[in-house]
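Contents: one structure, followed by commentary.
Below, chain A is the first sequence line, B the second, and so on; all start at residue 1.
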Amino acid sequence: MNIIGNAKKEVSYDAIVVGSGISGGWAAMELCKKGLKTLVLERGRNVEHIKDYPTAMLSPWEFEFGLSLTTKEIQQSPIQSQLTNAGNQHFFVNDTEHPYIQDKPFNWLRGYQVGGRSLTWGRQCYRWSDLDFEANLKDGTAIDWPIRYKDIEPWYSYVEKFIGVSGSHEGLAQLPDGSFLPPMELNCIENHLADSLRKTPDRLLTIARVANLSQVWDSRGPCQNRNLCTRGCPFGGYFSSNSSTIPAAFKTGNLTLRPFSIVSEVIYDEHTQKAKGVRVIDQQTKETFEYFAKIVFINASTINTAGLLLNSKSNRFPNGLGNDSGELGHNLMDHHSSAGAWGAHPGFQDMYYKGRRPCGFLIPRFRNLHQDKNSGFSRGYNLQGHGERAEWPDRIDSKGFGNDFKTKITTPGPWTVWMAGWGECLPYHENKITLHSDKKDSWGLPVIAVDFSFKENENKMMEDIKKTSGEMLEAAGFKDINIFNYSHPGGTTVHEMGTARMGRDPKTSVLNGNNQIHDVKNVFVTDGSCMTSSACQNPSLTYMALTARACDYAVSELKKNNI
Amino acid sequence: MVNYYIVIIVELYEKVMNRRRFTKNILIAGALGLTSYPIFKWVSINKNVSPDAFRPYANLIDELAETIIPRTDTPGAKDAKVGSFITKMLVSCTDNRTQNIFLQGLNDLEEYAHDKYNHSFLECSKTERLATLEHFEQKSTYRFNVLNKIENKFIGLPFILNLKRLTVQGYCTSQVGVTKGMAYELIPVHFQACIPLTPGQKSWATK
C-alpha cells in the first residue's frame, strides 16, 4: 500500500479529496487546517517537492538530445509531446497508457501525479469581475452564475496572500487588483509598447500577474529568474501543490495521501441521500478498495471529474451522480490562444537584459467593456506576450555559413514582440465529454470521448485579435509584422472547464452556488468543471478561491449537522 | 500581384519538373537494371534506415558542421562534438523520411563537389566548402516563404536546412557552445530588465 501520513489502515475519514492538483491541494490544506481527518486520493505517483524534480538543475548539455523528444517518445505520446520537452515530459502522461477518444481534434494535456498540473501550470493569476459573472445573464447565454464578485472577492485575497502573486496595481474595473507582491519588471521593448498603447483609450500593458515570488514568501523563494518552472522549482519560487498546500496539509497531522489510487466511482447511499465514500482501484495492483467519509471533494480536473460522476450510477442517479439536469459532461470550454501577432523593432540596439524572467506581459481586456461599442462578437480577450531580443532559436534559419553565420547565432538580434489573444469561449451544450459505451482502459474504466469545437463567436474574435494586435505593433513602430492564427484544436490552452456547472436551478445545473451537488449535499466539486462561463482570464486562481470558499462552507455545514 | 503569382507558379513548376526528372531517372535506371545507379536514389523516401547508415559519413558530417560554425576566437562545431550530436539526433529523434533525405543530401553534396571541384568535400578548400553549402542553400530555398512551408510539410525539410538546424542546435546546447560561444547563467538570481550591451556581448544561450 502506498499510503503516506497518519492513520495508515483507516478506511473512514472526515473528508475525502479526489485529486491533488491545484484545487485538490487547496481542498486538502483547508480541510486539514479546519481539523478534518482528510484522505487525498491521487491516481498517479507521488512527487515530493525538490526531491522528485530530476531535471530542475540540469544545463542544456546534460540532456542527450538537447530538449528534443525522441521519435519513440513522440509516438507514445502524440498529444502531450506537442507541448512538452525533455525537461518536463515526466510530469505528463503517456498517451498510449491513457487513451481518450477525440470525436473532434482535442488536445487533452494531463499530469497524473501528486501535484497534477500545478507543477507545470502557467502561473498567471487574474481575478474575474462582475463583467464576467454577469455576462451570461446580460446577453442571455446559457445560465446565470449563482455568485457575483462580492462572493468570491475575499477568497481571492485569501488565496493570493497564501500563494504569493507578484503584480502591478492598475485600478481596472474589468481586472480587479489583488494582494500583490512587488511586480516583475518590463524590459525596454515592452515599456516601449506600453508607452505606445497609452495613446488608445481602454488599453494598457502591464506585467503579468504571476504566482512567482518576487520576495521570500511562506518560507519559499524568491524566484531565481531561471524560467525553468515546469521542471519543478528547487527554490520553491512558484506556487504548486507540492511546494505549498500539500506540505501545509501534512503539517497539521490530519492528512493521509494515497498515490496510485484511481477513483472509479462515488458511492451513493439511497437511505441518507448522501455519498458515503468512494471506490478506488490501485493503479499498480488493480486491487479495489472502498473509503468512507462525511464529505467528498471532487478535484480530478474538469474532464476526469465529469467522467467520474458520469460513471457513478445508482438507482437515484442512473445517468451519473448529480445529473438530474442532464448537463453533466456538457458545456465544455477552453480558451483559445491561437491568434496574435509578431514583429521586430529596429530600436534599442544597445540595450539587453540579464536573467530569465518567468513571465511576460498582459494587455487586459479592452473589447466590449461598454455596451455602446459593437465589435461583431460577444465577450472579449486579453493579450499575453513577451518582448525579447532574437537569440539562436529564433535565428536558426538565417542564411549563410561560416564566421558571419556564427556571429549571427551567438550575438543578440533585433528586439521582437510576440503576443496572442487569450479569448473567452462560450458555453455550448454540444461541446461535451461522454463515456464510451464499450471501450475500456487498462483499469476496466470506460474511455472518455471529447467532442469539442470553437464556433463562430470564437472565430470572429480570433480575426479581431489578429488585426488588432498587428495594428498595435504597427503603431509602435515594429517592422516585419506577422499576424497569425495557429488554429490549435481545443484543449491546447489547457484551460478546459465547465462540465459540471454551477447554477441557481437544479434543472439546468449540476452544482449550486457553494459548489455542492444540488441533490447530494455532501459532495463538492471545485475544479474547473464547476465553471458556468469561461471569461478570458487564466482560471486557476478562481478555482483555488472557489475551493477555499467551498471548504469553509462545507465545514460550517458539517458542524451544524446539515450534511 | 500578377507577377507574384507567376513567379510562384514558375518556381513550383521547376521544382515539380526536377522531381519528375528524378523519378524518371529512377524508373529508367530500374528498367535498365543499372546496379551502379546510386542505391540511395532507388529507395522509397520512407524506407527504414539502419542506425549504422550514418557511420560512414561521420567525418563528412564533422566537417560540414565545422564549415557552418567554425572555430574562431570561440570554440567551433568540432570542439562542441556537433557531428556526433547530429548523428545521434538523426537516429533517435527524426523519422525515416528525414533520415533518407539527409543521407541522399550527403551523397548529392559529395557528387556536387566531385563534379565541380574534382575531389570530395573533405578535400575542398575552405572557400570551396562555403561555396558548396551556399549552392545547396540557394537551390533549396524558394523566394517565397509560403512555398518553403509547403515543401517542408509535404516533402520534408530540405537536407541543407536540416543540417544547419541540427548543427546550430548541437552547438548551442553543447557545454562549450553554451558557456564559451554564448553567455549562460544556471541561476541568474535577479532579472535586470534593461541594461546596456557590453562590448563583445554574446547572446544568452537559454531563454
Quiz prompt | Between OG1 on residue A:Thr70 and CE on residue B:Met89, distance to nearest 0.5 Å | solution = 10.0 Å
Exercise. Say whether, by atom type as modelled, one donor and one acceptor occur between the side chain of A:Trp61 and the main chain of B:Gly177 under 3.5 angstrom.
Key: no
Exercise. Just give me the residue among A:Glu388, A:Gln224, A:Lys354, A:Met184 that pairs up with chain B most often, heavy atom to heavy atom, under 4.5 Å.
Key: A:Lys354
Quiz prompt | Side chain / backbone / both / neither for A:Thr407 at chain B, heavy atoms under 4.5 Å | solution = neither
Quiz item: Looking at OG1 of A:Thr71 and CD of B:Gln99, how far apart are the two atoms once the value is rounded to the nearest 0.5 Å?
Solution: 7.5 Å
Quiz item: Tell me, side chain or backbone of B:Ile160 under 4.5 Å from chain A's heavy atoms, or both, or neither?
Solution: side chain
Quiz item: Any idea which of A:Met351, A:Glu185, A:Met57, A:Arg395 has the most non-hydrogen atom pairs under 4.5 angstrom with chain B?
Solution: A:Met351
Quiz item: Is it true that a side-chain atom of A:Asn225 and a backbone atom of B:Val189 form a donor plus acceptor pair closer than 3.5 Å?
Solution: yes
Practice problem: Examine whether an atom of A:Phe235 lies under 4.5 Å from a heavy atom of chain B, and if so say whether it belongs to the side chain, the backbone or both; otherwise answer neither. | Solution: side chain
Exercise. Check step by step if salt bridge (charged side-chain N to carboxylate O under 4.0 Å, His left out) holds for B:Lys207 and A:Glu391.
Key: CA-CA 8 Å; B:Lys207 286 188 181 286; A:Glu391 288 154 354; 3.3 Å; yes
Quiz item: Taking every heavy-atom pair that is under 4.5 Å apart, which of B:Met182, B:Glu66, B:Glu137 has the most such pairs with chain A?
Solution: B:Glu137
Practice problem: For chain A, find which of B:Asp95, B:Val91, B:Thr94, B:Leu161 contributes the most heavy-atom pairs closer than 4.5 angstrom. | Solution: B:Thr94
Quiz item: Taking atom CG of A:Leu58 and atom CG of B:Leu186, what is their separation to the nearest 0.5 Å?
Solution: 9.0 Å
Practice problem: Specify which of A:Lys72, A:Lys399, A:Glu190, A:Arg389 makes the most heavy-atom pairs with chain B at under 4.5 Å. | Solution: A:Lys399
Quiz item: Quick one: what part of A:Asp350 sits under 4.5 Å from any heavy atom of chain B, side chain, backbone, both or neither?
Solution: backbone
Self-check item: B:Thr206 and A:Arg356 side chains, donor-acceptor separation under 3.5 Å
Solution: yes
Quiz prompt | Verdict with reasoning, B:Cys172 to A:Ile409, per side-chain contact (heavy atoms from CB on, under 4.5 Å) | solution = CA-CA 9 Å; B:Cys172 294; A:Ile409 59 158; 4.0 Å; yes
Exercise. Below 4.5 Å from any heavy atom of chain B, which atoms of A:Pro222 appear? Answer side chain, backbone, both or neither.
Key: neither
Quiz prompt | Heavy-atom contact with chain A under 4.5 Å, split by part of B:Ser174 | solution = backbone
Quiz item: Who among A:Ile396, A:Leu228, A:Ile74 has the most heavy-atom pairs with chain B under 4.5 Å?
Solution: A:Ile396
Quiz item: Contact part of A:Phe65 toward chain B, heavy-atom cut-off under 4.5 Å: side chain, backbone, both or neither?
Solution: both
Exercise. For the residue pair A:Pro412 and B:Leu197, establish whether any side-chain heavy-atom pair is separated by less than 4.5 Å.
Key: yes
Practice problem: Taking the side chain as every heavy atom from C-beta outward, state whether A:Phe63 and B:Thr173 have any atom pair closer than 4.5 Å. | Solution: no
Exercise. Kindly compute the distance separating OG1 (A:Thr410) from NZ (B:Lys180), expressed to the nearest 0.5 Å.
Key: 15.0 Å
Self-check item: From B:Cys194 atom SG to A:Asn191 atom CG, the distance as rounded to the nearest 0.5 Å
Solution: 6.0 Å
Quiz item: For B:Arg129, is it the side chain, the backbone, both or neither that has a heavy atom under 4.5 Å from a heavy atom of chain A?
Solution: neither
Quiz item: Nearest 0.5 Å, what's the CZ-CZ distance between B:Phe136 and A:Phe401?
Solution: 10.5 Å
Self-check item: B:Gln169-A:Ser68 side chain donor-acceptor pair, cut-off 3.5 Å
Solution: yes
